[in-house]
Amino acid sequence: MKLRKNFLWGGATAANQYEGGYMKDGKGLSIADVEKGSSHGVPREVHSNIQENEFYPSHEAVDFYHRYKEDIKLFAEMGFKCFRLSISWPRIFPKGDEKKPNEAGLAFYDKIFDELAKYNIEPIVTLSHYETPLHLVKEYGSWRNRKLISFFENYCQVVFERYKAKVQYWITFNEINETMNQKEPYHQAGILFTEGENHTDTILKASHNMLVASAKAVILGHKINPDFQIGCMLQYPMTYGKTCDPKDQLAKKLFMMPDFYYGDVMCKGYYTNTCTAQWKRMNGNLEVSPEDKRTLLEGKVDYISFSYYFSTVITLDSKGEPKVAEKNPYLSRTDWDWTIDPVGLRLSLNELYDRYQLPLFIVENGLGAVDQLNEEGKIIDTYRIDFLKKHIKELIKAVEIDHVDVIGYTTWGCIDIVSVGTGEMKKRYGFIYVDKDDDGRGSLDRKRKESFYWYKEVIATNGKNIK
Ligand code: BG6
């Protein structure tokens, strides 16, 4: 087996980290618009409203809203076959619960898709990437509330109809499995726990509502255009048991249960034994109505997209629950303390393909690093090239040696954008440098990094230049 001839090489972004224009043309606030920036290891502060004199990184981000032509031209220069972006839900439905969409918001994405089409770049569109309308959080309690399913369905109906001739690849929820790991403020399900709230109940309910919403989106999308390819999106944390002690291997299995929980429902169409065992582990339960069961089964996804950044070593704690063990002595780490594990990508591809037998799409991978301009004003990011080269090599092995079916590969933050974890700008992933710092200062000028030219060659040779 070889990489598909039409392998989708490209880059990925998300509206809240890239677009800016946070109040432009009728857009409403999303949960990302009230998150302040922070730094490594410090959770981002979340406000209930925008406060004067505070800096919110999403508000301008790196201004794709006004610079999309310039950026898409640069992507085309690299030879991108595809570009992953998300639609900002509150740009289309400012509050989220309206009946009628915001025409100016729809027109904005028309311009983007038309510009991409000019260069034959396939859009890969995430419907919800940490951008739930803030109004839905305040008025309805976000995904805790089943009403969000119909609001989401309405949003999908509108964008599917509008872009049915322009977009073929869709992703429902970014990293949906992060819902179970609701440590970070807001990000996934838009939930901040209240005092005394039963976390297990909330997480299981919110997850169920999102899973049903995703299945309904798949059903609806296929009705509107049978050629639509609609995928789920998982964060895939490659894990290793700490030793060959069987208990450490059990730790790996237990650690992965919450991740397979979402994958199983979206790919197999029902709550598997892994899911029901996970309810038990969490000391919770879920009543699933016959109607929801039918929806989940009918709304199975066409492919699996996933993010892969690092791997983790797992062992059992004294209560028999998995916990992250010490650092992996065989691997180096990034400045943000993420392990660098290219072989883990090959293993992840194998694990996911073995379990689900569905085409896979790596929609996020990359190195967040501090880039410095040299005396000539250039960014020679050989460390990024090295990181990506090693990962792409393993991706090719997964296809050619292990016969895993992979649709494409989009590096995360192909142009520098705001970090989700910290809101920083200095954690850069891009092939294109953006002049902006953590306090919002800078000209926003774009500059090609050394990796820009390298990736262009990767795409031009369909990966054959990777030695
Ligand atoms: C993924 C998210 O979890 O990781 C992206 O889907 C995010 O939105 C990416 O940006 C990298 O994380 P960070 O914290 O470096 O931005």
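For ligands, and for the atoms within them, numbers begin at 1 and follow the listed sequence.
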Enquirer: Quick one: does Y18 get a heavy atom under 4.0 Å from ligand 1?
Expert: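 No heavy atom of Y18 comes that close to ligand 1.
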Enquirer: Here's one to test your reading of the geometry: is the NZ or CZ of K427 within 45 degrees of the ring axis of W338 and under 6.0 Å from its centre?
Expert: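 Yes, K427 sits over the ring of W338.
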Enquirer: Under 4.0 Å from a heavy atom of G421: which atoms of ligand 1 are those, numbered in the order shown and with their elements?
Expert: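 Answer, ordered by atom number: 13 (P), 14 (O), 16 (O).
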Enquirer: Show the atoms of ligand 1 that are less than 4.0 angstrom away from any heavy atom in K427.
Expert: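 Checking each atom against K427, I get 13 (P), 14 (O), 15 (O).
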Enquirer: With heavy atoms only and a cut-off of under 4.0 Å, state how W412 meets ligand 1: side chain, backbone, both or neither.
Expert: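 The answer is the side chain.
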Enquirer: Among all protein heavy atoms, pick out the one at the shortest distance from atom 10 (O) of ligand 1; state its residue, atom name and that distance to 0.1 Å.
Expert: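 Nearest neighbour among protein heavy atoms for atom 10 (O) of ligand 1, to 0.1 Å: Q17 NE2, 2.8 Å.
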Enquirer: Would you call D435 and K447 a salt bridge, using N to O less than 4.0 angstrom?
Expert: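 Salt bridge flag = no for K447 with D435.
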Enquirer: Looking only at side chains, do R84 and T126 share a donor and an acceptor under 3.5 Å apart?
Expert: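 Checked: R84/T126 side chains pair up, N/O donor to acceptor below 3.5 Å.
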Enquirer: To the nearest 0.1 Å, how far is atom 9 (C) of ligand 1 from its closest protein heavy atom, and which atom is that?
Expert: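 Nearest neighbour among protein heavy atoms for atom 9 (C) of ligand 1, to 0.1 Å: Y309 OH, 3.3 Å.
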Enquirer: Are any of the N/O atoms on Q235, whether in the backbone or the side chain, positioned under 3.5 angstrom from an N/O atom of ligand 1?
Expert: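 It does not: no N or O of Q235 is found under 3.5 Å from an N or O of ligand 1.
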Enquirer: Before giving the answer on ring pair (Phe, Tyr, Trp, His ring centres under 6.0 Å), spell out for W9 and F7 the whole-Å C-alpha distance, their side-chain angles and the decisive distance to 0.1 Å.
Expert: CA-CA 6 Å; W9 296 101; F7 190 78; 4.8 Å; yes
Enquirer: Where on H129 is there a heavy atom closer than 4.0 Å to ligand 1, on the side chain, on the backbone, on both, or on neither?
Expert: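 Side chain only; the backbone of H129 stays clear of ligand 1.
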Enquirer: Tell me the nearest of W336, W338, Y130 to atom 12 (O) of ligand 1, using heavy-atom distances.
Expert: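 Considering heavy atoms of W336, W338, Y130, the nearest to atom 12 (O) of ligand 1 sits in W338.
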Enquirer: Looking only at heavy atoms, is any part of N174 under 4.0 Å from ligand 1, and if so is it the side chain, the backbone, or both, or is it neither?
Expert: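 Side chain only.
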Enquirer: With a 3.5 Å distance limit and no angle check, can you tell me whether N145 reaches the backbone of Y140 through a side-chain donor-acceptor pair?
Expert: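 Yes; at least one donor-acceptor contact below 3.5 Å.
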Enquirer: Which protein heavy atom lies closest to atom 11 (C) of ligand 1, and at what distance to 0.1 Å?
Expert: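 Nearest protein contact, heavy atoms only, for atom 11 (C) of ligand 1 is Y429 OH, 3.4 Å.
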Enquirer: Answer yes or no for R448 and Y433: cation-pi contact, defined as NZ/CZ to six-membered ring centre under 6.0 Å and angle to ring axis within 45°.
Expert: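 Judged by the rule (NZ or CZ under 6.0 Å from the ring centre, within 45° of its axis), R448 is not positioned above Y433.
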Enquirer: Among protein heavy atoms, which sits nearest to atom 1 (C) of ligand 1, and what does the distance come to when rounded to 0.1 Å?
Expert: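 Going atom by atom, the protein heavy atom closest to atom 1 (C) of ligand 1 ends up being E364 OE1, 3.0 Å.
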Enquirer: Is there any N or O on S419 that sits under 3.5 Å from an N or O of ligand 1?
Expert: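 In this structure, S419 places an N or O atom under 3.5 Å from an N or O of ligand 1.
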Enquirer: My understanding is that only residues two or more places apart in sequence, or in another chain, count here; which of them pass side chain to side chain contact (heavy atoms under 4.5 Å, CB included) with S214?
Expert: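 S214 satisfies side chain to side chain contact (heavy atoms under 4.5 Å, CB included) with T172, F173, M266 only.
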Enquirer: Checking side-chain hydrogen bond (donor to acceptor under 3.5 Å, both in side chains) against Y130, which of E35, E178, E175, Q17 comes through?
Expert: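 The residue from E35, E178, E175, Q17 that satisfies side-chain hydrogen bond (donor to acceptor under 3.5 Å, both in side chains) with Y130 turns out to be E175.
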Enquirer: How close does the nearest protein non-hydrogen atom get to atom 3 (O) of ligand 1, and which residue and atom is it?
Expert: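 Going atom by atom, the protein heavy atom closest to atom 3 (O) of ligand 1 ends up being E175 OE1, 2.6 Å.
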Enquirer: Which atoms from ligand 1 have a heavy atom of V420 less than 4.0 Å away?
Expert: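 Once the distances to V420 are compared, the set is 7 (C), 8 (O), 10 (O), 13 (P), 14 (O), 16 (O).
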Enquirer: Check whether NZ of the Lys or CZ of the Arg R91 lies under 6.0 Å from the centre of the six-membered ring of F108 and within 45 degrees of that ring's axis.
Expert: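 Judged by the rule, R91 and F108 form a cation-pi pair.
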Enquirer: Hey, are K36 and E54 close enough for a salt bridge, meaning a charged N less than 4.0 Å from a carboxylate O?
Expert: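 A salt bridge is present here (some side-chain N lies under 4.0 Å from a carboxylate O).
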